[in-house]
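Note on naming: letters A, B, ... go to the chains in the order of the sequence lines (proteins, then strands), and numbering restarts at 1 for each one.
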Amino acid sequence: MEGFGIHIEGLRKRYGEGSAAVDALKDVNMTVAPGEVVGLIGPSGSGKSTLLKCLGAVIEPTAGRMTLGDELIFDDGWKIPDLRAVRRDRIGFIFQAPYLIPFLDVIDNVALLPMLAGQPNDVARRRARDLLEVLDVGHRAGARPSQLSGGEQQRVAIARALANQPPVILADEPTAPLDSERALGVVRILNEMAGQFRTAIIVVTHDEKIIPTFKRIYHIRDGQTFEEKGLGAG
Amino acid sequence: MISLAGRDILHSWSRFVLTGVGLGLLIGVTLTMAGVYRGMVDDARALLNNSGADIWVVQQDTQGPYAESSSIHDDVYRTLRALPGVSRAASVTYLTMQVRRGDTDVRAMVVGFEPGQPGEPGYLVAGRQITRSHYEAVADVKTGFRLGDTLRIRRHDYRVVGLTRRMVSSGGDPMVFIPLKDAQEAQFLKDNDAILGERARTAANPALNRPGVPGLLEALQASQTANRSVNAVLVQVAPGGEPERVAREIRRWKHLQAYTRPQMEEILVSKLIATSARQIGMFLVILAIVSAAIVAFIIYTMTLGKIREIAVLKLIGTRNRTIAGMILQQALGLGLIGFMVGKTAATVWAPFFPKYVLLEPGDAARGLLVVMVICALASTLAIRVALRVDPATAMGA
Ligand SMILES: Nc1ncnc2c1ncn2[C@@H]1O[C@H](COP(=O)(O)OP(=O)(O)O)[C@@H](O)[C@H]1O
Ligand SMILES: [Mg+2]
């Protein structure tokens, strides 16, 4: 296995205390290599959202280890001091809906991330423009998100997730509202981006249309993960 | 870094500007209220300045002649002139009444004065001072009279020979200046029936109508109809003289009340205008509260409408400080738009007010400061909500 990507070992998360305690994650183990796209599937209540929040550095696990890229984020109750900076620099987020900022034009929706990370505006915009070109929406750089089609918006959202060159992208049901052709298109783009930028990508999904495309799938059930070879492995 | 607040304002500028205009009109009313108060104070000062007096001598135990009625004998000025330190002294009368202009009445303060003496209008914008001792008048332009017009006070017609500007009473009524004798007559003149009735009563009184004393009845009747009162005597102190000392002398020896310029200003500004000032102050407080409520409500609703975006911004690593700054800047932007609209509105509509509205730059600066502070305070509610937004909600928990 090359490089770092995502590495999770014995992750546990308990909500509440005493008799009201809920063990949402009991034993999660997971490794995603740079350039790899894996699926994460599981029934409702299995702990997907909780795992995604731990991966997204918005909640802290109760125990276990998590590494994103070359940085240790959680280690048995210890956490890196600035989770906000982790989210900004190490994680790209893609949601079910594009969730673009409506009052920023397309290029600044993408450039905002490097700007938040301290890049000068022109550097950030140059980077954003390049990414928009790669994702085939360079010609809409000056438009408002509301002027774009759904597919264009989703591609802008992917460009935004890539903007700070994070080692990790978390995609939460990114194809749910799309028809089969578009859904497969998004997966193809994610695979291309993973290859091109050496990003480790986790796609949380229920979507039967795209599940067969993954080479590797993590199942989560009752707070525990099980790895499975996907149909995409051929 | 780009200004998130600025982008959001540009994006929803129509809502922003409409709210700003609404707030602005409120601020305009506030500034105008302050201007009305300043105008009253300024009118009062102008009234004192224009009288040309250092000391006002009025009836004992009164706060005349502007705040209370005062009546003193019209030969008092002669004894005052003889006092050391007094350079000039002259009688004046003040009477607020309806002055007839053509078919309509104008409410005015009629001032009786002696030409060339204190009490004469200072600066004329047109025409000349009164030169004849009867039936000429100088009117303030706000009465609507023009040179050559005829105005009617009680039974007599006067010709307008001169015009003043900003000569108004402490109540804001424009002034009409006429010769003292005419004014005394107008103020104290009894109507014909009253005179006839009084003559008849005097004639019927055996103590006054004595057959053995020829001429007594006539002399009595003449003295009854004659008018020997004025409202005040205006005194000018000799150069280098001390008004307070002269006033003290007058109070001590003449059984009269004497007010110096600062005392008169105190009476006008602190007593006469004080109630209006409290009234206006009350308005200002209410307007400030209403403005704060509007800004708070608008910024709060705008923030609630952006909860999703705020969660996304937080998730992708935006600092709380940046988000709070965005909301604060929007509130301040709203305040700034409102202030500019309000200042413009107040400037545009001030001249149309019947009373003088004095918009002082200092008040505007203080107003801007207060608006900004109110907007900043009003935004705290929305900021509190925004800071409580959980970034996890963007992940569709
Ligand atoms: N904030 C929370 N407090 C307490 N229990 C929670 C909380 N969030 C989730 N849970 C519980 O944890 C378990 C896993 O939930 P979740 O991670 O949302 O699963 P999924 O996303 O797969 O439906 C569920 O039993 C759920 O009720
Ligand atoms: Mg869930």
Side-chain angles (χ1 to χ4, degrees), chain A residues 48-59 82-105 107-122 124-125 144-146 157 160-161 163-164 166 170-174 176 204, chain B residues 1-20 298-299 301-334 337 382 386-397:
Chain A
K48 293 187 305 295
S49 296
T50 304
L51 175 54
L52 208 60
K53 285 180 204 168
C54 288
L55 279 163
V58 289
I59 61 171
D82 191 355
L83 289 180
R84 190 184 55 78
V86 170
R87 297 199 297 269
R88 185 190 65 202
D89 300 331
R90 311 206 151 254
I91 307 168
F93 293 94
I94 299 171
F95 316 101
Q96 178 170 342
Y99 291 168
L100 301 175
I101 307 295
F103 53 82
L104 298 179
D105 53 18
I107 191 164
D108 282 343
N109 258 282
V110 178
L112 180 62
L113 279 103
M115 287 176 185
L116 288 175
Q119 296 286 336
N121 290 359
D122 54 337
R125 291 213 175 96
R144 297 259 169 220
S146 58
R160 176 175 67 185
N164 275 340
L170 303 177
D172 186 9
E173 303 278 8
V204 177
Chain B
M1 189 62 199
I2 48 177
S3 158
L4 293 174
R7 295 304 183 85
D8 192 22
I9 291 175
L10 286 179
H11 182 245
S12 45
W13 68 270
S14 55
R15 180 144 68 124
F16 230 84
V17 167
L18 281 177
T19 313
I298 292 297
I299 295 294
T301 8
M302 286 172 87
T303 305
L304 286 189
K306 283 197 298 260
I307 290 293
R308 159 79 50 70
E309 285 77 20
I310 288 170
V312 170
L313 285 171
K314 284 185 158 188
L315 185 66
I316 65 178
T318 310
R319 285 172 203 279
N320 274 343
R321 203 191 321 141
T322 309
I323 288 167
M326 172 176 92
I327 294 169
L328 177 65
Q329 285 169 41
Q330 284 179 336
L332 295 181
L334 200 57
I337 294 174
L387 294 189
R388 263 199 236 124
V389 171
D390 182 357
T393 57
M395 302 177 75

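Note that CZ of B/Arg7 and CD1 of A/Ile101 are 12.5 Å apart. Values are rounded to the nearest 0.5 Å. One finds the OH atom of A/Tyr99 at 3.5 Å from the CZ atom of B/Arg308 (value rounded to the nearest 0.5 Å). Rounding to the nearest 0.5 Å places CZ of A/Phe103 at 4.5 Å from CE of B/Met326. Taking OG1 of B/Thr318 as the start and CZ of A/Arg84 as the end, the distance is 8.0 Å to the nearest 0.5 Å.
If you tally non-hydrogen atom pairs under 4.5 Å between each of B/Leu313, B/Val312, B/Ile316 and chain A, the highest count goes to B/Ile316. Chosen from B/Leu4, B/Asp8, B/Ile2, B/Thr322, the residue pairing most often with chain A at heavy-atom distances under 4.5 Å is B/Asp8.
Proximity to chain B is limited to the side chain of A/Leu113, based on heavy atoms less than 4.5 angstrom apart. Proximity to chain B involves both the backbone and the side chain of A/Pro102, based on heavy atoms less than 4.5 angstrom apart. In this structure, the portion of A/Arg125 lying under 4.5 Å from any heavy atom of chain B is its side chain and not its backbone.
For the pair A/Leu112 and B/Met1, the minimum side-chain heavy-atom distance is below 4.5 Å. Residues B/Leu315 and A/Phe95 form a side-chain contact, since some pair of their non-hydrogen atoms from C-beta on lies under 4.5 Å apart.
Nearest heavy atoms, A/Arg87 versus B/Pro391: NH2-CG, 4.2 Å.
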